[in-house]
Amino acid sequence: MSTLFNRRDCLRALSAFGMSTPLLSRLARAENREEQTLVFIFLRGAMDGLSAVAPYADPQYQQLRRGTRLQAPGDSVGALLKLDGFFGLHPALSSLLPFYQNKQLAIVHAVGQPQVSRSHFEAQDVLELGGTLHGAGQGLFAKALRHVPTEGVFRAVALQASTPLSLSGEHSALTFSSLKNLTLNGGHGRADSLESLYRHSAQDVARQAAQSALLATQRAAAIDRTDSGVVYPSSALGQRLHDIAKLIRSGSGVRLAVTELGGFDTHHSQGSSEGALATRFKELGAALAAFGEDLGSQLDNVCVIAATEFGRTAAENGTNGTDHGSASAMFVMGAGVRGGRVIADWPGLAPTALFEGRDLRITTDIRQPLAECVERSLNVNPMPVFDGFRPSSQGTLF
Amino acid sequence: LSETYLAIFTSEAFWGSARQKTKTPFEFVASALRATSSGHPFDGADARRLNQLGQPLYRCSPPTGYSENGETWLNAGSLVTRFQFAQHLAQQLSRRDDFGQMNWESWASKSLGIELSQSTLASIDQEARTPSSAGASEKIDNVKAVALVLASPEFQLQ
């Protein structure tokens, strides 16, 4: 939004002239969009979508999966949780079920990046760059943020150890491991030392960076002290989502928050209702549920995506695990998503239906739901963000 | 070629642009380690620091290579990380026996090979003086001074 045309002023002016109804409400809705936040959780390592949201009613599922198989919904311990009569939610994700039932959580299945290799590095890079390895190495969120008018030190944050590729090229993004660690004084000395050090710097960029750094650290301390009382799991993801919720609830102006959860590369000893993968799901589910509870009605203004780079083989391997595959599942929560649905053009698991005879086939290009979320919550045209990919005008999520 | 080189090396623009360019994270980390002559080999923690500063080793994604533009490398987030790294190195340096007797100004001029501006010197001097309680002589906090030297605007330039 240019400074010449400010929506707030415009609204005020229009209402002063007694103007109302459709135009005004459209503008009001657009204004509301400037307070929306996109939260992206990258599930790194290729999550087994066939376990997260298992197609227990697909006749092939029982044959392909033995050691990792999950029981159809029912009374037995460790059974899947009923979603829609075909798919069941992994029992370790049970804390997400209330959000699904409240229609605040949607699942997209058989989703993935067509024509991308089964290499983690390449697939993660392509996803984070918006569907291309070519171009100027601009992250997909960096490209989107170029069109986001919100300013402020917290407009784009990455709660993780290093700046993700999805934000590369975005100079305003702040990367930090926790609000608590976003500090300049390290327990001794004054926090504004750095600012006074740069006050006379000849470089405008450096001077402004120091001012923003001081502002960010001062505000981080204040924001960190706000607490809603909702108990988060002590896991890394739990703590990061807690910080993101604090940023949102305190009105910091955060429009984009990126974080990650690893450990999905389950080549061996994957487990079924319990085990290595179940532990990951529990971490994801508990953290997301606390986040949703914490935000309450504010979740309508926050779009949370949890997605992975690719899925895993339909069949198990010889070490009770699964190998690199194609399609997987993704979660979208909040932001008025039409939830309570597993959105899938299900390709089936029959041998002829599998991609290259081994993987769940991709029937939904992951750029479609991602583009819808970017457009919805950042109010940005997704085409340039996803390297010219033209999302279907018939949205699937909202 | 020799004529081209001659033209470059004798041009005012060439010499006028000396010490104007922002260090990349790699250059910053390497020069800071060298300035504090920590002697320890580049390790995993340093590599993570580079990741955090946005320049993961051998993982440059664009085929055009890492940016040569200062704006890419100097922003609020990276400045906080650079300052935290500077504090970490200053703490390490302080384990040396002679650290207490050290004069940070002469350390800076000896080990950095750059000149700090008057305003930077004055600013560090002021920040590093621990407020003296009544009657006690003023003490200089060398840890803080070293950290601020490494975080100074001058040290961020090549």
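Order of the sequence lines sets the chain letters (A, B, ...), proteins ahead of strands, with each chain counted from 1.
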query = Tell me, do B/Gln84 and A/Phe176 make a side-chain contact under 4.5 Å, heavy atoms counted?
reply =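 The answer is no, as the side chains (C-beta and beyond) never meet within the 4.5 Å cut-off.
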Residues forming a side-chain contact (heavy atoms from CB on, under 4.5 Å) with B/Ser152, sequence neighbours excluded: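 Once residues adjacent in sequence are excluded, the partners of B/Ser152 under the side-chain contact (heavy atoms from CB on, under 4.5 Å) criterion are A/Leu197, B/Leu116, B/Thr120, B/Glu154, B/Phe155.
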Value rounded to 0.5 Å, distance of OG in A/Ser196 from CG in B/Leu148: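 Nearest 0.5 Å value for the OG-CG distance: 7.5 Å.
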Quick one: side-chain contact (heavy atoms from CB on, under 4.5 Å) partners of B/Thr81, sequence neighbours excluded?
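Per chain and number, B/Thr81 pairs via side-chain contact (heavy atoms from CB on, under 4.5 Å) with B/Arg49, B/Gln52, B/Leu53.
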**Asked** Given a strict heavy-atom distance threshold of 4.5 Å, which part of A/Ala210 is in contact with chain B: side chain, backbone, both, or neither?
**Response**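 A/Ala210 touches chain B through backbone and side-chain heavy atoms alike.
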Is it the case that more than 12 heavy atoms not belonging to B/Phe26 sit under 6.0 Å from its CZ atom?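 For B/Phe26, atom CZ is not crowded (no more than 12 foreign heavy atoms under 6.0 Å).
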